[in-house]
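Numbers for residues simply follow the sequence, beginning at 1.
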Amino acid sequence: MNAWNYDKARPRRAEPMGGKATGLTLCRKLADGNPRFYVPKWFGMNENAESLADRHLGISLWLSEYHPWGVIVRSSGRDEDWFDGRSGVERSVRCRTDEVSIKAALRERVATNRLPVVVQSMADGYGCVVDVGWSHLLGKAVVRVARGGTSNEGGGTRFTSATWDNEATFGLYDAETGEAIIALADGELDVAMPDLARELVAGLRRIGINYGVQLEMVIHPKYPFNWILVQLRPSPSAMRGTTETPPRNGRLLMTSCRVSKPGACEGESIVMGDRDKDREIEMDACAIAREDGTEREHWFDDHPHRHALAGKIVLWSDSSVPKSEQSVLRALGVALIGAVGQVSLRPLVNSSHGTRTDPGSWRGGQATAARATKAKDASLLIGTPRAHGSLFGQWPRDAWPRTPVRLRIVSDGLVGEIYQLD
C-alpha cells in the first residue's frame with residue numbers, strides 16, 4: 001500500500017459534486033459484492049438558488065424511500081477529502097429528518113456560495129477512523145483503527161467519534177493476515193477487526209487503490225461485522241510517513257500506534273506529574289498557550305521554566321487524566337517553551353483526521369481545536385498503547401526513567417517507537 005508518491009501533485013479531473021461525493025462513490029465501489037460493507041444513502045448537490053426549488057419533490061421522495069433516523073449536510077469542496085486528503089474544512093450541519101430542515105440547510109449553503117454539498121443519512125455506532133498504509137518502521141502494510149467511545153453529556157448515552165475524540169481507542173493490524181500487532185482491546189469489536197483489516201485491503205486493491213488512504217466508518221457494538229462506510233480519502237498529510245526509516249538506535253522501550261505525526265526527536269527526559277513544582281510548570285504552560293498569538297508571545301523565549309523544558313521530552317505521569325481543554329493547553333504550552341516531544345497516557349492524538357475545525361466537536365470551541373492542531377505540529381506526541389491504567393504500567397519492567405535519561409522518539413505517522421539512548 002505504498003505505490004503513491006504523495007510528494008507529487010495528485011491528478012484531478014472535473015468532478016462537479018466535489019471531493020466528498022467522489023470519496024462516497026468509491027465507497028460504493030468498495031462495498032459492491034461484500035455484504036459486510038454498507039454505504040448510507042446520500043445525494044450530492046451543486047446548484048444555484050433558482051434550481052434549489054426543484055429539489056423540493058426530490059428530497060421528499062428521498063426521505064420517504066430511505067427513512068433515515070438522522071441527516072447531515074456536509075461540505076464536498078475541492079479542498080478536502082478525495083481531492084486533498086483534508087477533512088473538516090467546513091462545518092457539517094445535522095438536520096431533522098424533514099424536508100423543511102434539510103432545505104433550510106441547503107439554502108444557507110447556496111446563499112453563502114459554499115457548494116457543492118452532500119446530504120447523507122446518519123448511522124448509529126462508534127465513529128471510527130481507519131488508516132491503511134505502509135509502515136516504514138515495521139516494514140509492511142498495516143491497518144490502524146481508531147474507535148470513538150461513549151459520552152453521557154447532556155443526559156443519555158451517545159457514541160463519540162474518533163474524528164474528534166482524543167480519548168479514542170487504537171488498534172493496529174497486519175494488512176495481509178489481519179493479525180493484531182496492537183489489539184484494539186475492545187471486547188465488542190475485537191472479534192471483527194482481523195476480518196475488517198483483510199477484507200478492507202483486498203477490496204481497496206480490487207478497485208485499484210494500492211496506496212495509503214483513510215476511511216471513516218461507523219460500527220455499532222451490537223453488530224461488529226457490519227462496517228458502515230461514510231468517507232474515503234487519500235492519507236492526510238499527518239499520516240504520510242517518511243520515505244526512509246528513521247535511525248532506530250538504543251534500547252526499545254515502547255511501541256505505539258498513537259502518534260501525532262511522522263518525524264523524530266531526541267532529548268533528555270523530564271517527568272511531569274503531581275508534585276507541586278510540576279503543577280506550577282503545568283499551570284504556567286497553560287497560561288502561555290492562552291497568550292499564543294497575542295502581543296505577549298515574545299516573552300516565551302525568556303520564560304523562567306525554559307531551562308527546565310527546552311530540548312526535553314516530557315513524560316506526563318498524571319494520577320488523573322486532565323480534561324480535554326486542559327490537556328490541549330498544557331501540551332501546547334510546554335511545546336512553546338521548548339519541549340521537543342511528549343509522552344502521555346492520553347495524548348492529543350485524534351487519529352490525525354485531516355484538519356478538523358468544527359467548533360462543535362471540541363469543548364472550548366474552535367480556539368481549542370486550533371491549539372490542539374498547533375500543539376501536534378510543534379511537538380512530537382506519542383501515547384501509550386493503551387488509553388487506561390498508568391503511564392508507569394505501560395513501560396517494560398524497570399524501564400521507567402525515574403531519573404533523567406536520553407530518549408529518542410521516531411514515528412512514521414502510523415507507528416511510533418521510543419528508545420533509550422543512555
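- Expressed to the nearest 0.5 Å, how far CH2 of Trp134 lies from CG of Asn210 amounts to 12.0 Å.
- Here the shortest heavy-atom pairing between Ala105 and Cys95 reads CB-SG, 3.8 Å.
- For the pair Asp278 (side chain) and Met272 (backbone), a donor-acceptor distance under 3.5 Å is absent.
- Leu61 has its side chain out of reach of Ile59: every pair of non-hydrogen atoms, C-beta onward, lies at least 4.5 Å apart.
- The line from CG of Leu138 to CG of Leu172 is 6.5 Å long, rounded to the nearest 0.5 Å.
- The closest side-chain heavy-atom distance from Leu421 to Leu407 is not below 4.5 Å.
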(message) One pair to check against side chain to side chain contact (heavy atoms under 4.5 Å, CB included): Arg94 and Met122. What are the steps and the verdict?
(response) CA-CA 9 Å; Arg94 296 188 180 189; Met122 296 181 65; 3.5 Å; yes
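- Taking CD of Glu199 as the reference point, atom CZ of Phe37 lies at 6.0 Å (rounded to 0.5 Å).
- With Ser379 contributing its side chain and Ala335 its backbone, the two residues share no donor-acceptor pair below 3.5 Å.
- Residues Gly333 and Ala289 share a closest heavy-atom pair of N-CB, 3.9 Å.
- Summarising the geometry of Leu30 relative to Leu204, their closest heavy-atom pair is CD1-N, 3.5 Å, with the distance given to 0.1 Å.
- Heavy atoms only, all atoms of each residue included: Gly178 and Tyr173 are closest at O-CD2, 3.5 Å.
- Contact of the Leu380 side chain with the Val340 side chain is not registered, since no non-hydrogen atoms from C-beta on lie closer than 4.5 Å.
- In this structure, SG in Cys128 is found 11.0 Å from CG in Leu215, a value given to the nearest 0.5 Å.
- Remark: Leu345 CG to Thr384 OG1 distance equals 4.5 Å, nearest 0.5 Å.
- Contact annotation: the side chain of Tyr126 approaches that of Glu188 to within less than 4.5 Å [non-hydrogen atoms, C-beta and beyond].
- Judged purely by atom type and a 3.5 angstrom limit, Arg206 uses its side chain to pair as donor or acceptor with the backbone of Lys29.
- Listed for the Asp412 side chain is a donor-acceptor partner under 3.5 Å among the backbone atoms of His136.
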(request) Tell me, with the steps shown, if Val71 and Val119 meet side chain to side chain contact (heavy atoms under 4.5 Å, CB included). (result) CA-CA 7 Å; Val71 173; Val119 179; 3.6 Å; yes
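- Contact of the Thr169 side chain with the Leu189 side chain is not registered, since no non-hydrogen atoms from C-beta on lie closer than 4.5 Å.
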(message) I'd like to know whether Val343 forms a side chain to side chain contact (heavy atoms under 4.5 Å, CB included) with Val314, so could you lay out the CA-CA distance, the side-chain angles of the two residues, the decisive distance to 0.1 Å, and finally the verdict.
(response) CA-CA 6 Å; Val343 185; Val314 176; over 6 Å; no
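- In this structure, Arg96 places its CZ atom where only 12 or fewer heavy-atom neighbours from other residues, nucleotides or ligands lie under 6.0 Å away.
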(request) Determine, stepwise, if the pair Tyr419 / Glu266 fulfils side chain to side chain donor-acceptor pair (under 3.5 Å). (result) CA-CA 9 Å; Tyr419 291 87; Glu266 184 178 316; over 6 Å; no
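- Across all non-hydrogen atoms, the minimal contact from Asp190 to Leu184 is OD1-CB, 3.3 Å.
- Look at Lys261 and Asp377 and you find no salt bridge, because none of the NZ, NE, NH1 or NH2 atoms lies under 4.0 Å from a carboxylate O.
- For the pair Arg74 and Trp42, the cation-pi criterion (under 6.0 Å, within 45° of the ring axis) is not fulfilled.
- Using a 4.0 Å cut-off between a side-chain N of Lys or Arg and a carboxylate O of Asp or Glu, Arg36 and Asp195 qualify as a salt bridge.
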Please set out all donor-acceptor pairs under 3.5 angstrom arising from side-chain atoms of residues 218-232, sequence neighbours excluded.
residue : atom : partner : partner atom : Å
His220  : ND1  : Lys222  : N            : 3.1
Trp227  : NE1  : Pro224  : O            : 2.8
Gln231  : NE2  : Lys20   : O            : 3.3

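- Judged by distance alone, the side chain of Ser235 and the main-chain N or O of Val213 form a donor-acceptor pair under 3.5 Å.
- Partners of Asn113 under the side chain to side chain contact (heavy atoms under 4.5 Å, CB included) rule, at least two apart in sequence or in another chain, do not exist in this structure.
- Judged purely by atom type and a 3.5 angstrom limit, Gln342 has no side-chain atom pairing as donor or acceptor with the backbone of Ile313.
- Residues Met45 and Pro116 have side chains not in contact (no heavy-atom distance under 4.5 Å, counting atoms from C-beta outward).
- Between the SG atom of Cys286 and the CZ atom of Arg330 there is a distance of 8.0 Å, given to the nearest 0.5 Å.
- Contact check on Arg408 versus Glu417 returns no salt bridge, with no Lys/Arg side-chain nitrogen under 4.0 Å from an Asp/Glu carboxylate oxygen.
- Side-chain contact, Thr112 with Arg114: a donor N or O sits under 3.5 Å from an acceptor N or O.
- In this structure, Ile182 and Thr255 approach most closely via the heavy-atom pair CD1-O, 3.9 Å.
- For the pair Thr150 and Arg158, the minimum side-chain heavy-atom distance is 4.5 Å or more.
- Only one option out of Arg258, Arg144, Arg233 pairs with Asp131 in a salt bridge (Lys or Arg N to Asp or Glu O under 4.0 Å); it is Arg144.
- The closest side-chain heavy-atom distance from Val118 to Leu24 is below 4.5 Å.
- A donor-acceptor pair under 3.5 Å is absent between the side-chain atoms of Thr97 and the main chain of Gly70, judged by distance alone.
- Applying the 6.0 Å contact sphere to CZ of Phe392 captures no more than 12 heavy atoms from other residues, nucleotides or ligands.
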(message) Show, in sequence, the C-alpha distance, side-chain angles and deciding distance for Glu99 and Leu106, and conclude whether the side chain to side chain contact (heavy atoms under 4.5 Å, CB included) test is met.
(response) CA-CA 10 Å; Glu99 60 186 279; Leu106 292 176; over 6 Å; no
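- No more than 12 heavy atoms of other residues, nucleotides or ligands sit less than 6.0 Å from atom CD of Glu179.
- Of the possible donor and acceptor atoms, one in the side chain of Ser76 sits under 3.5 Å from a partner among the backbone N and O of Ala21.
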